[in-house]
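Only one structure is covered here, and it is reproduced in the block below.
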Amino acid sequence: MIYRNIYVDGVLSDITVSGGMITSVAVAGSKPVPDEDSVDFHGERWALPGMVNMHTHSAMTLLRSEGSGLPLQRWLNEAIFPHEAKLTSDDIYTGALEACLEMKESGTTAFNDMYFCIESTVRAAHETGICGNIALSVTDQDFDNGNIKKFQFLDSKDISTSISPHSIYAVNGQHLKYLADFANEHDTLYHIHLSETQMEREDCISEHGVPPVVYLDQLGVLDKVGSHLVAAHSLWLDKTEIQLLGEHRATVVHCPNSNLKLGSGCRFLYTELRDAGVNVTLGTDGCASSDNLDMVEAMKVMSLLQKGTRNDPSVLPAEEVFQVATKNGYRALRLDDAVIKEGHRANFFLVDISKRVFKGVMDNNINPKERTKLFLNRFIYAAHGDAVTDTFTAGNAACTPDITS
Ligand SMILES: [Zn+2]
């Protein structure tokens, strides 16, 4: 199929997609196109590489906004765990399907999930064409009741699976080491909630004598998993911990909306982590704490928090936060999808630039580079995920199907 008259990097273009790949990106009208093989967007759409939601619990759409107003530990124990104990695999499929559709509708083409009954989430991801890593989230209980031994990989072309230790407070040192050996042996991600709250950090220091990242290092986890470590949140870090994460080329996922809603903190050390060599990525977290899976909103909040907490409007501009939400996420998932170019997988989305907030972006007096900069600023700071009209996942039809049952 050829998708005609779409802006790519500020230039009106025709994009050809075949077999899940982008086979050509050419200046609009430069090649003759038969009408039956094309869709004309009349210059009213702008194409961007798909975004990567690097920390989700997708089935938590079922628990959207539960426990509002509670701090993390009470929120988990009083609002979340009692509900989750009653969920069936069918419930998890329904919740995950809802999440995959919501992500696609707002331009997300890949996600990094941790939950239980992963076969339900894998099924939902397959049906919606979204790719990523889907991990079984485990606690010490899963070792006691034998769930770990029953784990089976459900990998396919677009989806990888793994085992995630929930956190250092839900999984003991011996089990954290076992899972690091597992990740090392099977070359899988080690996705863990890490240093999310000040309380987690203080508890770790009083129990183990060192803060969370140093604790993982002393267990040998960092050396074992290296760049496969995906640490969600990591709000409460000191210089030594940042250096350790950088030396191991780890990935950290910032989830600004969830952190703010749960009152976990707002001083994410973006610049320090980036400069230490950490791969900083972006996520929403589950819908119980972030309420939605809108990565456009997450980009805006991340960028504004950096500017506001540092009293510096030049920090984390639109172009850079977009790289955090796309390229860095794909790097963590070991995919090379963050560009709309010939020879790359067709994971991209279209933005409706006829919307009011994009007025003036198409002004003829600006060059493609300036236009792209203005467009990205409007997309991130002025628009929302509902400005996305079509999401292509590895060449599937540009559709966001409705749930019919
Ligand atoms: Zn989480």
Side-chain angles (χ1 to χ4, degrees), residues 52-68 70-84 87 92 95-96 98-100 102-103 108 110-118 121 132-139 142 162-171 176 179 189-201 212-213 216 229-237 250-266 268 280-295 297-298 301-302 325 329 332-333:
V52 186
N53 191 338
M54 275 299 294
H55 182 66
T56 57
H57 314 283
S58 55
M60 286 180 107
T61 50
L62 300 170
L63 305 173
R64 202 187 292 269
S65 314
E66 284 291 330
S68 255
L70 294 175
L72 184 79
Q73 288 305 329
R74 281 191 60 202
W75 174 78
L76 282 173
N77 293 322
E78 294 171 31
I80 302 303
F81 292 156
H83 275 116
E84 286 184 333
L87 294 179
I92 290 171
E98 185 77 19
C100 289
E102 185 178 336
M103 285 191 273
T108 292
F111 71 130
N112 184 41
D113 202 72
M114 61 150 90
Y115 215 55
F116 44 100
C117 295
I118 61 167
T121 309
N133 186 77
I134 296 167
L136 176 69
S137 174
V138 298
T139 65
D142 294 290
S162 57
I163 303 184
S164 262
H166 178 277
S167 55
I168 60 163
Y169 53 84
V171 181
L176 288 168
L179 293 173
L189 296 184
Y190 191 87
H191 184 190
I192 182 171
H193 296 99
L194 190 65
S195 233
E196 180 173 358
T197 61
Q198 195 170 14
M199 187 171 126
E200 177 186 337
R201 180 182 172 82
V213 178
L216 281 187
L229 175 67
V230 178
H233 305 297
S234 300
L235 271 179
W236 298 90
L237 301 173
T251 288
V252 161
V253 192
H254 184 30
C255 303
N257 287 324
S258 172
N259 297 155
L260 289 169
K261 182 93 186 289
L262 292 169
S264 303
C266 61
F268 179 72
V280 180
T281 61
L282 184 61
T284 57
D285 210 345
C287 275
S289 59
S290 78
D291 298 79
N292 66 31
L293 302 166
D294 186 345
M295 287 288 285
E297 186 181 284
V301 176
M302 179 181 186
L333 296 176

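Just follow the structure's listing: the first ligand is 1, and inside any ligand the first atom is 1.
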Backbone or side-chain N/O/S of His57 under 2.8 Å of the Zn ion (ligand 1):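 Within the cut-off used here (under 2.8 Å), His57 does place an N, O or S atom near the Zn ion (ligand 1).
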Atom name in Asp285, limited to N/O/S, at shortest distance from the Zn ion (ligand 1):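 Going through the N, O and S atoms of Asp285 one by one, OD1 ends up nearest to the Zn ion (ligand 1).
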Mutual orientation of the aromatic rings belonging to His233 and His193 [parallel < 30°, tilted 30-60°, perpendicular > 60°]: parallel
Non-hydrogen atoms of Tyr115 and His57 that approach each other most closely: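 Taking Tyr115 first and His57 second, the nearest heavy atoms are CD1-CB, 3.7 Å.
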Minimum heavy-atom distance Ile92-Thr121, with the two atoms named: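 Closest pair (atom of Ile92, atom of Thr121, distance): CG2-OG1, 4.0 Å.
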Angle subtended at the Zn ion (ligand 1) by His55 NE2 and His193 NE2, rounded to 10 degrees: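 NE2 of His55 and NE2 of His193 make an angle of 90° at the Zn ion (ligand 1), to the nearest 10°.
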Under the ring pair (Phe, Tyr, Trp, His ring centres under 6.0 Å) test, residues paired with Phe268 that sit two or more places apart: His254
